[in-house]
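Below, read A as the first sequence line, B as the second, and so on, with proteins coming before strands; counting in each chain starts at 1.
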Amino acid sequence: MKLDNIYQEEKKSNFAKVSEIIITMASRPSGFIGLSILIFHVILAFISPYIAPYDFKAINPTLMLQAPSAEYWFGTDDLGRDVFTRTILGGRTALTITFFGSLIALLWGGLLGIFCGLVGGKTDDIVMRIVDAFLSIPWILAMLLIVSLLGTSTEVLIPALGFFYGKGIVRVARAATHDVIAKDFIVSARARGHSNFSIIWNEIIPNVRDAILVEGAMRWSWMLLGFSSLSFLGFGVSPPTPDWGLMISNARGLMSFAYWSVIAPIVGLSSLIIGINLTADAFAKALGIDRSTKAPV
Amino acid sequence: MTEIIQKVKNLSIGFKSKKGEEILILRNISTNIKKGETVGIVGESGSGKSTLALAMMGYVKHGLYTIGGECEFNSSNLLKMKNRDLEKIRGRKIAMIPQNAGQALTPNLKIGYQIDEALQLHSDLKEEEREQKISELLNKVRLPSPETIALRYPHELSGGQQQRVAVAMALAGTPDLLLLDEPTTGLDVTTQAHVLELLNFIAKDTGTSMVYVSHDLGAIAQVSDRIIVMYSGEIVLEGPSRDILKKPIHPYTYGLLKSIPKLSLAGLPQSMPGSQPQPGTMHRGCSFFDRCDFSEEKCKSNSPQLEYLEELNTSVRCFNHKSLMNDSQVNQTVNKIKTSLQDKEILNISEVSISYAKQNLLDQVLNRISDDNPTVKDININIKKGETIALVGESGSGKSTILKSIAGLLRTKGGVIKFDQKRNLSSDLKERDPNDLRIIQLIFQNPDESLNPNHTVEEIIAQPLKLYFGLKGEELKKNIKELLQKVRLGEFYMSRYPRQLSGGEKQRVAVARAFAAKPDIILCDEVTSALDVSVQAAVLNLLQQLKEDFGTTYIFVSHDLAVVRAISDRVAVLYQGRLCEVGPSKDVYQFPSHPYTEVLLGAVLEPDPDIKPKLVAEDIVEEKPPQKGCSFQGRCSRILGDICKNEIPPWQITNSGNSIRCHIPLKELQKDQIN
C-alpha cells in the first residue's frame, strides 16, 4: 500500500507538477540552500554586466595588487583590475557553456541509452563496447586534443563537453530502461505491434525521464568543474574575458601575498558546484528516486 | 492450553499524512494468543494483518508509529522495549517466517552455515552440539539428506525447500511463538499443501503457538484453531476456525466465503461489490457499510463494537449478527456459465514446440533452433470460437510460454499456429501484420506492471484505439467512455493514474484495453492471482459477461484449479511443457484422470477444515523434462516401470471426450482413484 493512494488527486497541469516539485525541494534545508545558491548565481549571471562597478578589462598599473578596501571590495589583481567586477562576471561563460553542454549530453546520452536498452542484443553489445572504450580515455587529454585542433570557440566547447559528459548518461539511461523494459506494459505494447519509436516515446521516456534528469543535473556540476579546469590550463576562455578557472590560474602564483585575488573566484566556483549538487540531490529526493530513503509503508 | 503468551491490548498503529492528519492502519485491536494454539489472521491486502503480526514481535515499520495500546509478551510491553532487550526475545522467544524465503536467505552463504548462525544467536549450544542440531532441524522440516542440504546454497534449493529451511531457522531458537507471514503464498499448489502439512505437524510436535497471516482462507482453514478476520484495520470477527468457516456471523466473512470459487461447484461465484476503504477515508459508521448486503440505516452513522458472544466463543463486530446467526450456513450460489461455443475452430495449435536453449553460432547463422529436448513439446490443441480453454499446471509447466508464443512474443521451434483455419500466424512478431496482432490481445497477471504508471486511464485505453483504428478527438473519447462503461468504471476514471486505483479497478482497465482492439482471442495470464478474493470473483464475472457480449475466445492460464473450474469450458493440464490431459472441464475434474491431474486436484486447499488435501506425490521440483518417456515419470506414484521411462504414453480418449496421456489403462485409472 502506498501512501499516495490515500488522496485521490485529479490530473495536474505540468506547471502545477513542476511547482510542486520545486516546493518539495525547497522544503528540505539542503535543497533550500542548494536552490538559493543556484538561483543567486543564475540571476547574477544575467545582471552582472549592468551592476559591475568597473570595467573588467581596464588595466591600471598604479592599482596593482591592492588589498580589499571600501573602493575595491575584493581588492585588485596583478594588472590592477577590480577582482569584484571580474568575479561577478566570471561565472557567465562557464554557466552558459556547461548548461548547453549538459543539455546536449542529456539528449544524446539519454536517447542512445534508451535505444540500446530497448533493442538489446548485438546492437546493444557493440554500442556499449564503443562507449566503454570512450570512457577509458582520460577526458582531459581528449578535450585538450579537440581544443588544440579545433580552437576554443563556444561552438567547439559545447558539443565537445556535451559529448564527453554524455557517455556516462548512456549507461544510466540504459540501466533505467532495463528496469522498465521487463515490465508487462512494454510487453503489452510490443504484442500490440507498436513501433520502437512509439514504445520509446510513449512508454519508456515517461518512466526513465526522472532518473536521466537527475543524472544530467549531476553531470552539470562535473562539467562545470571540467570546464574550469580547461580554463585553468588555458584552453577554455581566452583572456581578457573574466573566468574563474582563468582567474585562479593567473593568481595562484601570488597566493602567498595577494590571497584575495584567488579566494574570490574559488568561492564563486565552489559555491556554484555545491549549489548544483545540492539542487540535484533535492531534485532526486523530490522525485522519489533517491534510494537511501524508502517510502514508509 | 489456557496460558496466554501474547496479549494485544487496544493496539492502534498509524502514520501522519503529509497534511498532518493521523491516519490509522490498526484500530484498537485486542486479542490474546494462547499457548499451543494456531491463530490465523485473514484479511485483504491493506487490512493491517501484517502490521499486526509485526507488532506482535515488537516491530513497527518505518514511518508508522504506535498511537496507543500495547503488545504484551511475558508481561512486558514489546512496543516500549529497547532494541537490546528485544534482541533477546526475537528469535529465541518469538520467531518469524517470512513470505519469500528465497529472499530472506543470504544467497552467498551455505544453508548449514545460516542455520548455525541462528543457533549461535538464539541457543546456548556448544559448537559440537550445534552440528548435530543442524541435521536434527533439517530432518524435522523433512528435507531429504540433511547432510548434503546443509552444504548447499539457497539458489540450489527449490522454493518449497527454501521455505522449509526458513522454518528450520525459525525453530533454531525453540521459540514459544512463531509468526508466519503468508508463508505459502507464491509456492506451487502441491508444495503449498506439503508445507502446510509440515507446519501442522510442527505445531503439534513442539507445542509452539503460531500466528498464521494469510489472505488465503483455504490455507488458513488447514492450519488454524482460531481465526481472526480483519477488515480495514479492525477485527471484525474472531472465533474458533470451524465455526467461522462454516457459520460466519459477520457479513464480510459471509460474503468472502461466498465469493471463493470451489472445486465442487462449477460456475462463477457471486462477487462482493466495491472494495475496502483506504486508510484515512473511513467515515463514521461501520467500515464495511458500503459493501454490506445486510446494512441498515444505523450502520451508516454508528460504528459497531466488537461484541463477545459467550455461547459461540466468538467476537463479532456487527449490529445484525443475530439475523446472520440463524441463517448463516454459507449457501454458495453460482452463476452457471453460458457456453457460447460454436463449431468453428478459431485457433489450431499443432505440434508446437518451444525452446529456451541458447543458440550456438551455427544455429544463429542458419537462423534455426536445435534442441532435441525443448521446454515445450508436442502441443496440439484446437480451440473453438467462443470457448474458454484453461491451461493448468505448476510453475515451469510451460503454460505462460505457450501463451507468449500464441501472442508472437516468443519464437517457436516448430509447429504451426493457425488462425481461423486458414491464416498461419508467424512465430515472429515483426512478421505478423497489424490485423493478426489485433485479433490476439493479452491481459496480464499483475495490473501494477501491465499499466504504464505515467499514463492516465484515458491514455492507456486510447493506445489500441489509436493504433488499430486511427481514432482521434471526440470519437476516441466516446469509445473510451463506452469501454469504461463496459468494464463498469465511471467516466471520471479517465483522468486517473493507475496508482490512484485499487487492484480490481486496475485489472478492469487492463481488460478494457484488451477489448478496445476488438480481438477474437484474449489470452489471460493468471489474471486474478494478484487480486484479493473478494475482487477476484467480480473480475471473473466481468470477463464472463464480456465474453457473452462479444463472443470472444479466452485462453486462460492459471495455477488455481478452483478458478479454472469456475470459468472454463475445457481444461488442458500441462506438466514440464507436455500435455497430460485435455478435456471438457467437468470431465477433467472427475475420474478417470491423469495421475498428475490427480496430484493437482488433491492438493487444492478448500476453505473448509473438514476437507484435507490429499498428498499423493512428492513435491520434488524437476529441472528439465525427461529425455524420453512420460513427462511425469519422475513424480508419478503409479509408475508402471520401464514402459513409462522409455515410451511416450499414448492418448486415451474416454467416452465423454476427455483425452488422457498415460500408459495406465483407463479402467485402472478410474478404479484406483476413487479412494
Side-chain angles (χ1 to χ4, degrees), chain A residues 1-14 16-17 20 23-24 27 119 121-122 125 176 179-213 286-289 292-297, chain B residues 15 17-19 21 23 25 45-46 51 61-64 278-281 404 407-409 429-430 432-434 436-438 440-456 458-460 463-464 467-468 492 494-502 510 513-514 517 523 525:
Chain A
M1 185 186 54
K2 292 205 186 71
L3 298 188
D4 304 7
N5 285 353
I6 294 159
Y7 300 107
Q8 305 240 322
E9 81 270 36
E10 292 297 311
K11 192 183 178 181
K12 284 179 186 149
S13 70
N14 285 335
K17 274 188 212 158
E20 191 190 300
I23 290 167
T24 322
S27 65
V119 174
K122 286 198 195 84
D125 276 346
D179 281 349
V180 179
I181 206 92
K183 297 265 171 74
D184 285 338
F185 60 84
I186 305 275
V187 180
S188 156
R190 269 193 179 150
R192 279 200 301 273
H194 284 282
S195 64
N196 272 350
F197 174 78
S198 159
I199 292 178
I200 289 181
W201 187 254
N202 289 320
E203 310 287 345
I204 299 179
I205 287 187
N207 287 296
V208 299
R209 186 186 54 207
D210 294 354
I212 296 178
L213 278 180
L287 293 173
I289 51 176
S292 61
T293 54
K294 288 203 181 91
V297 183
Chain B
F15 63 93
S17 73
K18 277 183 196 160
K19 290 178 185 160
E21 293 165 68
I23 289 169
I25 298 287
S45 51
T51 311
K61 272 189 210 165
H62 179 73
L64 299 179
Q278 297 277 358
T281 60
K404 276 188 193 148
L409 292 164
L429 198 64
K430 291 194 185 91
R432 292 194 182 181
D433 67 54
D436 285 344
L437 293 168
R438 182 188 62 79
I440 298 176
Q441 291 293 314
L442 270 158
I443 305 174
F444 294 86
Q445 172 173 12
N446 191 345
D448 283 329
E449 288 218 343
S450 68
L451 305 178
N452 191 331
N454 283 301
H455 286 176
T456 57
E458 181 180 357
E459 286 164 331
I460 289 167
Q463 279 189 334
L467 181 73
Y468 298 126
F492 56 94
M494 278 170 74
S495 61
R496 298 252 173 105
Y497 285 98
R499 62 171 178 275
Q500 296 164 346
L501 307 178
S502 70
R513 178 175 64 183
L523 312 174
D525 191 357

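Pairing each heavy atom of B:L429 with each of A:R190, the nearest pair is CD2-O, 3.1 Å. In this structure, B:L442 and A:A191 approach most closely via the heavy-atom pair CD1-CB, 3.9 Å. Residue B:F444 comes nearest to A:S188 through the heavy atom pair CE1-CB, 3.4 Å, listed as atom of the first residue, atom of the second, then distance.
With a 4.5 Å cut-off on side-chain heavy atoms, B:N452 and A:F185 count as touching. Between B:P453 and A:N207, some side-chain heavy-atom pair lies under the 4.5 Å cut-off. Looking at heavy atoms from C-beta onward, A:N202 lies out of side-chain contact with B:E459 at the 4.5 angstrom threshold.
B:N454 places a side-chain N or O within 3.5 Å of a backbone atom of A:P206 that can act as its donor or acceptor partner.
For chain B, no part of A:V180 is nearby; none of its heavy atoms comes within less than 4.5 Å. Looking at B:R513, only its side chain comes within 4.5 Å of chain A, counting heavy atoms on both sides.
The candidate with the highest count of non-hydrogen atom pairs below 4.5 Å against chain A, out of B:A514, B:P464, B:A517, is B:P464. Among B:L467, B:I440, B:I443, B:D525, the residue with the largest count of heavy-atom pairs under 4.5 Å with chain A is B:L467.
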Derivation and outcome, side chain to side chain contact (heavy atoms under 4.5 Å, CB included), residues B:Q441 and A:R192: CA-CA 7 Å; B:Q441 291 293 314; A:R192 279 200 301 273; 3.7 Å; yes
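Once rounded to the nearest 0.5 Å, the distance linking CG of B:L451 with NZ of A:K183 reads 11.5 Å.
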